[in-house]
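Ligands are counted one by one from 1 in listed order, and the atoms in each one are counted from 1 as well.
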Amino acid sequence: MRKSDAVLALDGVGSAKEKALKRLGIRTIEELINHFPRNYEERRLVNSLREVQDGESVSFEGLVVEEFRTAQVRGGLKLTKGKAASGSVVVDITFFNQPYIANSLKYGESYIFYGKIQQSGRRFQMTNPYFEESAKREFVEGIVPIYPLTSGMTQLTLSRLIRQSLLKLGAQEETLPDELIQQCCLMDLEKAYQNIHSPIDWEALGKAKHRLVFEELLCLSLGLVRLRNCRKQTGAVAYAFNDLTGFMSALPFSPTKAQINAIEDIARDVQLEVPMNRLLQGDVGSGKTVVATAGIYLTWKQGLQSAFMVPTDILARQHYKTLQELLKSYDIRIGLLTASLTAKEKREVKEKLKCGEIDLLIGTHAILSDAVQFANLSFVVTDEQHRFGVEQRASLLEKAGKERRPHVLVMSATPIPRTMALIIYGDLELSVLDQKPKNRKEVKTYLIGEDKRKRLNRFIDAQIDDGHGVYIVCPMVDESDTMELKSVLQYGAHLQESVFPHRTLAVLHGKLKAKEKETIMQGFMNREIDILVSTTVIEVGVDVPHASLMVIENADRFGLSQLHQLRGRVGRGEQQSYCVLLSESASQQSRERLKALVGSNDGFQLAEEDLKQRGPGDFFGARQHGLPSLKVSNLVDDMDVLAQARQVAIQICEEDSDLSQAKYSGLKRKVQVLFDEYGDSFN
Ligand code: ADP
Ligand code: MG
């Protein structure tokens with residue numbers, strides 16, 4: 001058997017199991033053995049139940065001394081009960097709603113049961129235990145892996161399929177060079193796979209994990225170091241002009257100290273031939289756009305082109321307007337490029353761009369298309385950088401041509417710890433906007449239930465009477481789900497007809513044509529629309545300063561960082577703004593999440609809270625930082641391994657930057673797999 005074989009090659013896998021595996025992202029044997037346990041359970045097989053504490057989970061060997069029988073009780077509940085004897089102890093065993101079990105546990109036969117022992121007086125009980133025939137025991141003793149599952153797939157089946165694969169694969173070829181294994185004291189690959197799936201003991205499991213984490217983070221670092229080296233080899237244009245006094249004094253507001261510092265950082269960087277690589281971190285509403293605009297202005301003064309990439313169509317169109325306004329005193333020619341333009345419009349923009357008749361191109365990832373060529377790209381801004389992958393950002397840099405690199409500014413409201421940012425972006429510099437513009441009032445946040453709906457509606461009316469705009473956001477998990485869309489549309493229609501007939505209301509969602517979205521956004525901006533009912537398409541970046549109220553329906557269905565982003569759509573002007581979270585959820589977890597939001601307006605603090613509540617795996621998932629998704633490692637817990645792996649990656653790249661030596665062939669393939677897979681998920 002080979003790693004590239006399809007899972008159908010395994011005994012016991014037919015089309016149903018194949019489908020279930022596919023739902024877990026598993027098509028090949030290689031993907032199957034890379035499906036790692038999410039947890040482990042130590043199953044201790046005891047000789048005597050008398051030594052076991054009440055409430056302890058153990059395995060014991062028991063002889064069925066009373067036949068298992070099923071009885072129907074109230075509410076359709078089916079109870080299957082029987083008794084098993086272990087020495088002098090008799091255990092009452094009960095299964096809920098699994099009547100078929102009565103047939104698999106035979107009177108007079110011996111089984112190993114695993115479960116939680118409950119003792120009361122002399123009575124021993126176990127409910128819904130896991131069991132195997134004594135003679136064929138597999139998973140009742142030692143450290144047992146617990147895998148992430150999907151419907152149609154059980155722990156037992158999955159564990160067995162993985163064992164079968166490892167057995168049939170036989171000796172696995174080592175991916176790391178011997179000297180590296182020695183140098184870093186790593187477990188060899190085959191042993192690591194054995195022990196991650198069927199650990200001999202905790203120590204071996206620890207070593208197996210370390211080996212696999214190290215390898216994965218080494219591949220990640222190798223990919224990133226190579227991207228960085230590409231960038232470093234060539235220089236950027238050193239700008240001669242860096243006088244910003246005119247630009248600053250023409251701004252419609254006086255910039256905050258933090259904005260001035262960040263702008264000065266950029267003005268300093270672009271004077272050098274070393275390409276700038278700067279991350280601008282600032283909470284929602286801190287005013288990142290104007291900082292980027294300063295760099296664009298300097299680039300234009302130098303007679304060179306800038307590109308400004310944003311994740312959504314709405315945002316591209318909004319920035320197009322904002323930058324036109326901020327730069328209106330200058331003769332800067334601005335172009336817009338999104339997938340939603342007509343073919344003719346696109347062609348025109350591309351032609352102008354190529355012959356240098358556009359100084360600044362604002363657009364979505366449509367900018368990345370091969371057909372888009374710049375005359376002299378020299379300054380690149382990526383807004384809401386976490387929405388893009390590292391490779392997407394890299395391919396934008398290539399637009400500057402082979403001989404030169406652009407200066408790069410990435411902007412984000414997602415706080416990433418500095419050490420991690422360093423590793424992700426290479427040797428980047430950091431500017432932080434830790435101040436909000438003056439005259440901003442904190443957004444007041446309230447958590448309410450349906451009982452307050454009438455009061456909320458009166459409040460909405462009052463806000464509109466005062467000349468403000470109102471957002472009502474409805475959760476839609478999947479922008480392409482027609483059922484969900486229907487309910488949002490129906491809800492909008494209901495509000496318009498029955499609750500706010502005297503107001504203008506529009507519904508904004510991902511399925512609308514770009515032009516329709518723009519008309520609606522424009523109407524809201526111009527105060528022709530009072531209430532904007534929207535899905536999360538407005539989540540990032542949207543800036544309508546007179547909007548003062550953000551109502552979030554079913555708020556418990558959103559994550560904390562997302563809620564904070566949504567709330568960031570208000571409080572962008574001088575008026576007092578409000579965020580109202582509607583939730584009927586009684587779940588402890590979602591209450592805590594929503595209370596955290598009510599209690600804090602600080603994005604950095606909320607991100608930490610989010611990290612605590614969701615765990616690093618989720619929080620720093622690929623969507624958050626644009627990195628390939630990792631299988632065994634997580635960037636928070638494995639930070640020190642990451643630092644070590646990065647050192648090794650730098651060494652390897654110095655020795656053999658293309659990984660062309662035979663000893664690196666296994667590693668090279670793994671780097672490709674890691675980065676490819678991730679490329680797909682972003683296309
Ligand atoms: P974000 O950091 O979320 O991208 P924006 O750049 O969209 O924030 O700025 C938010 C709003 O604040 C915009 O309407 C912008 O014009 C305004 N703004 C930015 N800087 C200042 C400032 N120093 N004083 C007053 N308003 C500002
Ligand atoms: Mg922004």
Sub-4.0 Å heavy-atom approach of K438 to ligand 1
no
Ignoring hydrogens and geometry, is there a side-chain-to-backbone donor-acceptor pair from Q575 to A547 under 3.5 Å?
yes
So is V290 polar-close to ligand 1, meaning N/O to N/O under 3.5 Å?
no
Atom 7 (O) of ligand 1: which protein heavy atom is closest, and how many Å away?
R572 NH1, 3.0 Å
Quick one: which ligand 1 atoms are inside 4.0 Å of a heavy atom on V284?
3 (O)
Please check if the distance between the ring centroids of F379 and F308 is under 6.0 Å.
no
Counting each atom of ligand 1 from 1 as listed, which ones have a heavy atom of R440 under 4.0 Å away?
11 (C), 12 (O), 17 (C), 18 (N), 26 (N), 27 (C)
With heavy atoms of S254 as the reference, note each atom of ligand 1 found under 4.0 Å away.
22 (C), 23 (N), 24 (N)
Going by the atom numbers of ligand 1, which of them fall below 4.0 Å from some non-hydrogen atom of P255?
23 (N)
Looking at R569 and D543, does any basic side-chain N land under 4.0 Å from a carboxylate oxygen?
no
Polar contacts were defined as any N/O atom of the residue lying under 3.5 Å from an N/O atom of the ligand; does this apply to P437 and ligand 1?
no
Is the shortest side-chain N to carboxylate O distance from E574 to K438 below 4.0 Å?
no
Around atom 14 (O) of ligand 1, find the nearest protein heavy atom and jot down its residue, atom name and distance.
D543 OD2, 2.7 Å
Heavy-atom proximity to atom 9 (O) of ligand 1, picking from G571, G568, G287, points to G287
Which residue, K301, Q302, Q271, forms the side-chain hydrogen bond (donor to acceptor under 3.5 Å, both in side chains) with N242?
Q271
Evaluation steps, side chain to side chain donor-acceptor pair (under 3.5 Å), between T245 and D243
CA-CA 6 Å; T245 35; D243 182 4; 2.6 Å; yes
In ligand 1, the atoms that come under 4.0 Å of a heavy atom of G285 are 1 (P), 2 (O), 3 (O), 8 (O)
Could you tell me if any non-hydrogen atom of S286 lies under 4.0 Å from any atom of ligand 1?
yes
Using a 4.0 Å cutoff against the non-hydrogen atoms of T256, which atoms of ligand 1 qualify?
23 (N)
Nearest option to atom 2 (O) of ligand 1, as decided by whichever heavy atom of K288, Q259, H546, M411 sits closest:
K288
Output the list of atoms in ligand 1 that are nearer than 4.0 Å to some heavy atom of T289, sorted by atom number.
4 (O), 5 (P), 6 (O), 7 (O)
What I want to check is whether the side chains of T364 and D313 have a donor and an acceptor closer together than 3.5 Å.
no
Closest approach of any protein heavy atom to atom 19 (C) of ligand 1, naming residue and atom:
F253 CZ, 3.6 Å
